[in-house]
Amino acid sequence: MAGFAPAPGSINVITGPTGSGKSTILRGIAGLLSHADGGAVAGTVRVAGADRAATPPRDTARLVGVVLQNPRAAFASTRVRDEISLALELRGVPSDASKARVREVAESVGVTALLDRNLSTLSAGEATLVAIAAAVVEHPALLLADEPLADLDTTARACVTAVLHALARDAGVCVIVAEHRAEPLLPVADSWWTIDDGALVPTAGVPGAAPSASPRAADVRPSPAEPAQDAPVLTAADLAVHRKGQPLVRDAFLTLHRGEVVALVGPNGAGKSSLLVALALRYNKARDGKAGDGISGNITSDGGRVALVPDASDDLFTRDTVAGELRAAERRLARRKNGGKPAPGFAASRLARLRGDVTIPIGHEHPRDLSAGERRILAITLQTMDDPQVLLIDEPTRGLDPAARTAVAAALRAAADAGAAVLIATHDHDFAQRLGARILPMRDGVVPAAEAAPAVAASAAPAPIAAPQFTDRRTDLPGAVKPRRIRLPRAVELPVLAAANLLALGAFCWPLLATALPQDAAAAVPYAALAIAPLAAVAVVVSLDGSVRSAHMVALLGVLAAVGSAVRVASTGVGGVEAVFILLILAGRAFGARFGLLLGAATIAVSSVLWGGIGPWTPFQIFACAWVGAGAGLLPRRVRGKAELWMLCGYGAVASYLFGLLTNLWFWPFAVGAGTGISYQPGAPLSTNLSSFLLYSLVTSTAGWDTLRAVTTIIGITVIGRAVLAAFRRVKPVSNLGAQAVKAQHVQDRDPLQLGA
């Protein structure tokens, strides 16, 4: 194709198989792929005339609104009102103008009644509408929405569709939507695109709509199965769930029998997810003799395992590769079966069976690098590995294309045929009916005791939605003056950073490089500290601009610097037992050398300011700790597992001793008086002063403080290193080695993307 150039005021829908790269395309257009995720984009991508590769997302924030696949993951506030106004507040818009704009957008989108609600209490549909309001509060020319209709009931889908249509029709916004369940967009979409073999190609509508949108006809079960007559495997009566005094579930009655599939249906906010969590928590805690917080009622079971795939199923991932997740699942399975080791590749074969025709990479890819549908399939695989007696799944078809839904349906039916009781919460009524599920309606937190209610037809017409109104004007609010950014060319950043660090190293080593009397050295120390401080500032500024390019990484840096400062203060005065090196080394390893340099510098600076430890030594300590974190980021990247921990332990020991040597060197000339065997001798040969210094350091630091620091670091990395690295890598922006980044690059190689606004 010659180019993808959607017009202003149009709705453009992108479809494609699970994992084909729909989300990656949107993130590439938004600038997140190349500027925040670590991915690569080839070809030409222009947004309102700006070259996407050369323009970071912050410079186009007023032009591009983004609604992520999981809207809640992007929320940065606690109240709806604060979330919508966040972009205006960050630009310094006056309070009165900001409040007026928030009221205007809230009324247009239809979330005025939610303005004072806590974001954690919103349903999926409400969260999507709030995310749209926050994305359009600055009148963007382009709105990118990643699966905005997922997890929504019929009414909520109609409402979101009406809002998107009004944005395009009234405000002239160019709307690009990536969506699997795209049928509701048929009346309003202006163009349709699909990803075919890595290429974005135009289509005439929803590819394979109607029959293929659900499991194949061969898999259809004509009517829901009647409840079995044998003893139930799980029974809940008078179940209630409360959170902060608010009832989420009340008077719930539920009976699950062996070998059946039950579908819990109802509108957004009905309490379906809360019920599933309550069943899992209440049962497991009751089995352990504990009570569930905020959960009341009676749950009985015949003692089998209850497995839950929650709404936030990404929380189930504890390893930094897909292969690691599968190996960990096999080890857990072996322990549960009293040492019976599963056959090699057992977990991979289960994943292959569940994914069907969906290609999920099994190797060194991080689970977070997978698409939403692929992550969902992986989570279901992990939770069904040991054939639980009761399987609870929240929205099993989220993010799945028809082929993947067919595979998941077959897997759930197979689990039921093997004797498990399967309970799903879903808005996909057609999927539930074709699965042969017994339908349980739920509304306002109530599951009635009468359970044989008919399913709501998937094609039922939604209640009429009042069309929202948007203005086509762009208001330049007061205070919205774009600051002018000055940035070094990337080719200059590294030499400047290297020069600043080399000059700082020279400041450390001045006793070996210059001739000075001890008393002269003591007098010169404050001036040396003042001279090295600007170098620290240069190093920080260059590293900040080249490494921390998103609010996500800035937040990580701030949180870890605060943690490091607290750890450093807690370690003061305990004879070298300093745990801060553990944090610096693990963070530098996970996030890279520049981030490690920034964290080391920020930790010393923050702790010194907060606890009154500022002095001539502070700039030297800033650089020394910064180098500890940066060095960890320069270690070989391919080393993983136990070998990685051994490598980090060895590096921690070496870094501890080198830190002691460097911090001793700069003040050694005036720390010891003249005339001793470890004194500084002005004008003496380099070898003489070097040997005196090494002896001084051995006696005063290396054999004591530095050794304790090394031992502390080794023990800390051994005990918590694996868990902390996994946690850091889970929150790290995805690597450019991810499969989706490769797919995006392939698409861009073939199709230059042009966006005008």
Side-chain angles (χ1 to χ4, degrees), residues 18-19 215 219 233 258-259 261 280 284 303-310 313-394 396-400 403-424 435 640-644 722-723 726 729-730 738-739:
T18 298
D219 298 321
V233 295
R258 190 181 306 275
V261 179
N284 289 323
R305 192 174 85 88
V306 176
L308 170 67
V309 180
S313 57
D314 288 1
D315 292 342
L316 298 174
F317 303 144
T318 59
R319 300 294 186 268
D320 54 6
T321 66
V322 175
E325 291 287 356
L326 298 179
R327 288 193 298 268
E330 290 179 345
R331 289 193 294 270
R332 290 193 297 268
L333 181 60
R335 289 195 296 268
R336 286 172 182 161
K337 292 196 173 183
N338 300 321
K341 187 176 181 180
F346 174 77
S349 65
R350 290 292 294 258
L351 177 60
R353 170 190 172 190
L354 189 60
R355 72 188 180 188
D357 297 331
V358 179
T359 301
I360 299 180
I362 302 177
H364 293 291
E365 292 80 7
H366 197 290
R368 292 179 59 248
D369 289 354
L370 304 178
S371 71
E374 292 170 334
R375 297 197 304 272
R376 203 68 174 161
I377 292 174
L378 178 60
I380 295 174
T381 300
L382 298 177
Q383 291 296 82
T384 59
M385 195 73 67
D386 61 346
D387 299 321
Q389 192 160 358
V390 179
L391 177 60
L392 313 174
I393 305 182
D394 198 350
T397 60
R398 175 196 297 155
L400 303 185
R405 290 205 293 273
T406 297
V408 169
L412 297 183
R413 180 64 347 193
D417 293 342
V422 180
L423 174 63
I424 64 174
L435 190 59
R640 290 295 175 94
K642 292 183 179 179
E644 182 179 33
R722 182 173 182 177
R729 284 166 174 159
R730 285 173 64 190

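Considering every non-hydrogen atom in both Leu316 and Pro310, the closest pair reads CD1-CD, 3.9 Å. Closest of all the heavy-atom pairs between Ala415 and Val422 is CB-CG2, 4.3 Å. Among all heavy-atom pairs drawn from Thr318 and Ala726, the shortest one is O-CB, 3.6 Å. Across all non-hydrogen atoms, the minimal contact from Pro367 to Phe317 is CB-CD1, 3.7 Å. Taking all atoms of both residues into account, the shortest heavy-atom contact from Thr381 to Ala347 is CG2-O, 4.3 Å. When all heavy atoms of Pro388 and Ala420 are compared, the closest pair comes out as O-CB, 3.3 Å.
Distance CD1/Ile380 to CZ/Arg350: 12.0 Å, rounded to 0.5 Å. Interatomic distance, Leu333 CG to Leu382 CG, rounded to the nearest 0.5 Å: 11.5 Å. In this structure, Leu412 CG and Asp417 CG are separated by 11.0 Å, a value rounded to the nearest 0.5 Å. Separation of atoms CD (Gln383) and CG (Leu391) is listed at 8.0 Å; rounding is to 0.5 Å. One distance of note links CZ of Arg375 with CD of Glu325; it measures 12.5 Å at 0.5 Å rounding.
Residues satisfying the salt bridge (Lys or Arg N to Asp or Glu O under 4.0 Å) test with Glu330, not counting sequence neighbours, are none. Checked against side chain to side chain contact (heavy atoms under 4.5 Å, CB included), Ala418 has no partners two or more places apart in sequence or in another chain.
By the 4.5 Å heavy-atom criterion applied to side chains, Lys642 and Arg722 are not counted as neighbours. Side chains of Thr397 and Val408 form no contact here, defined as non-hydrogen atoms less than 4.5 Å apart. In this structure the side chain of Leu378 reaches within 4.5 angstrom of the side chain of Leu326, judged on heavy atoms.
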Q. For Val390 and Leu423, what are the C-alpha separation, side-chain angles and deciding distance, and is it a side-chain contact (heavy atoms from CB on, under 4.5 Å)?
A. CA-CA 8 Å; Val390 179; Leu423 174 63; 5.8 Å; no
